[in-house]
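Each residue takes its place number in the sequence, starting with 1. The analysis underlying the following values was restricted to heavy atoms, covering all of them including side chains, and did not include hydrogens, waters or symmetry mates.
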Amino acid sequence: QVQLVESGGGLVQAGDSLRLSCVATGRTFSSYAVGWFRQAPGKEREFVSSITGSGGNTWYADSLKGRFTISRDNAKGTVYLQMNSLRPEDTAVYYCAAGRGTFHSGSYYYTEIPGYDYWGQGTQVTVSS
């Protein structure tokens with residue numbers, strides 16, 4: 001069992017930066033991939049970024065590459081999402097999730113919602129223009 005708590009959201013201006021944190025409890029945290037997803041009002045939840053348990057592999061939504069960076073510190077049970085050059089369209093509730101990914105077509109995927117079993121409550125990020 002893994003419990004997740006996000007923090008670090010807030011109201012910022014376009015061009016600013018934020019760092020979100022996802023703190024996990026549970027002895028097996030390092031064995032789980034962690035993903036960040038976001039959901040804007042009236043829209044479906046979408047993939048943002050993910051990282052494997054060891055931290056050795058990361059993935060990003062194509063539209064976010066170069067602006068967002070994911071990292072993890074397993075000793076602290078924490079995953080971070082550094083968000084730079086924020087835009088109004090980044091406004092959303094950001095969720096972190098832990099899971100083992102989905103397996104199909106001979107490979108594991110860590111960008112899909114069904115691959116995550118444990119979810120945090122979310123943190124609001126609002127970017128004003």
Side-chain angles (χ1 to χ4, degrees):
Q1 187 78 12
V2 177
Q3 294 183 323
L4 306 168
V5 178
E6 304 96 333
S7 63
L11 173 63
V12 297
Q13 293 186 335
D16 286 350
S17 297
L18 277 176
R19 189 177 79 160
L20 304 184
S21 298
C22 173
V23 178
T25 57
R27 293 179 298 172
T28 60
F29 172 68
S30 62
S31 68
Y32 288 95
V34 172
W36 285 97
F37 296 79
R38 68 185 184 183
Q39 188 165 18
K43 295 188 177 181
E44 294 186 352
R45 192 169 298 190
E46 65 175 1
F47 169 75
V48 173
S49 181
S50 57
I51 187 167
T52 51
S54 66
N57 294 92
T58 60
W59 294 266
Y60 298 92
D62 288 342
S63 62
L64 301 176
K65 288 179 181 177
R67 294 197 297 124
F68 288 16
T69 303
I70 192 170
S71 61
R72 69 189 294 163
D73 183 339
N74 284 337
K76 295 182 178 179
T78 304
V79 173
Y80 305 97
L81 183 69
Q82 178 67 42
M83 307 186 296
N84 298 329
S85 302
L86 284 163
R87 304 168 181 171
E89 54 263 38
D90 294 319
T91 295
V93 177
Y94 284 71
Y95 299 90
C96 69
R100 303 195 186 278
T102 53
F103 184 81
H104 55 84
S105 303
S107 299
Y108 278 94
Y109 294 85
Y110 299 98
T111 64
E112 301 170 344
I113 290 174
Y116 293 89
D117 301 308
Y118 306 102
W119 291 80
Q121 83 290 347
T123 185
Q124 176 71 46
V125 172
T126 302
V127 184
S128 63
S129 58

Would one find more than 12 heavy atoms of other residues, nucleotides or ligands at under 6.0 Å from atom CD of Gln3?
no
What do you reckon, is CD of Gln121 surrounded by more than 12 foreign heavy atoms closer than 6.0 Å?
yes
Looking only at heavy atoms, which two atoms of Leu4 and Ala24 are closest? And how far apart?
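So the minimum-distance heavy-atom pair works out to CD2-CB, 3.5 Å.
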Verify the distance criterion only: is there a donor paired with an acceptor across the side chains of Asp73 and Thr78 at less than 3.5 Å?
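No pair is found: no donor N or O on one side chain lies under 3.5 Å from an acceptor on the other.
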If we count only N and O atoms by modelled type, under 3.5 Å, do the side chains of Thr126 and Gln124 hold a donor and an acceptor together?
yes
Verify, without hydrogens or angle tests, whether [X] (side chain) and [Y] (backbone) share a donor-acceptor contact under 3.5 angstrom.
X     : Y     : value
Glu6  : Cys96 : yes
Asn74 : Gly53 : yes
Arg72 : Thr52 : yes
Ser50 : Gly35 : no

Give a yes/no verdict on a cation-pi contact between [X] and [Y], requiring under 6.0 Å between NZ or CZ and the six-membered ring centre and an angle within 45° of the axis.
X      : Y     : value
Arg100 : Tyr32 : yes
Arg67  : Tyr60 : no
Arg45  : Tyr95 : yes

To the nearest 0.5 Å, what is the distance between OG (Ser129) and CZ (Arg87)?
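It is 14.0 Å, given to the nearest 0.5 Å.
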To the closest 0.5 Å, what do you measure between OH (Tyr94) and CZ (Arg38)?
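Spacing of OH (Tyr94) from CZ (Arg38) equals 4.0 Å.
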Measuring centre to centre across the rings, with the benzene-like ring taken for any Trp, is Phe37 within less than 6.0 Å of Trp119?
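Yes, they do, as the ring centres are separated by less than 6.0 Å.
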For Thr102, which of Tyr116, Tyr109, Tyr110 qualifies under side chain to side chain contact (heavy atoms under 4.5 Å, CB included)?
Tyr109
Side chain to side chain contact (heavy atoms under 4.5 Å, CB included) with Ser49: which of Val79, Leu64, Val34, Leu81?
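The option that passes is Leu81.
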Is Tyr118 linked to Phe103 within one hydrophobic cluster, defined over Ile, Leu, Val, Met, Phe, Trp and Tyr using a side-chain heavy-atom separation of less than 4.5 Å?
no
